[in-house]
Amino acid sequence: ARPSEPSARDYVDGSLGLAPPQRIMLADGKPHRREGFLRLNLITRPGAGIIAPLEIAGRIADAFPDGDRIDIGGSSP
């Protein structure tokens, strides 16, 4: 379901925002740093209240400590 459509269940909608790669070694083919961000939106049912969604959001945040690296497809963003 898309965020604009009501859903019978809560769900998390995610997207990646990537910045252009930064070269960390001078030679071609050497490692590059790929930075970006992971955005997660918690979508809840209308009328679900605020306490349960805040608890779910807290558990999601706890899974991603500050400064954590995420590997996607074998490379780090």
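By convention here, the first residue in the shown sequence is residue 1. Bear in mind that the values here come from a model prediction, so they are computed numbers and not experimental data.
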Check: To the nearest 0.5 Å, what is the distance between CZ (Arg59) and CG (Leu54)?
Finding: 11.5 Å

Next item on the list: With rounding to the nearest 0.5 Å, note down the distance linking OH in Tyr11 to CD1 in Ile56.
Entry: 13.5 Å

Note to self: Going by the rule side chain to side chain contact (heavy atoms under 4.5 Å, CB included), which residues pair with Leu38 if we only count those two or more places apart in sequence or in a different chain?
What the structure shows: Leu16, Leu40, Phe64, Ile70

Next item on the list: Mind listing the closest non-hydrogen atom pair of Asp10 and Thr44 along with its distance?
Entry: OD1-CA, 3.3 Å

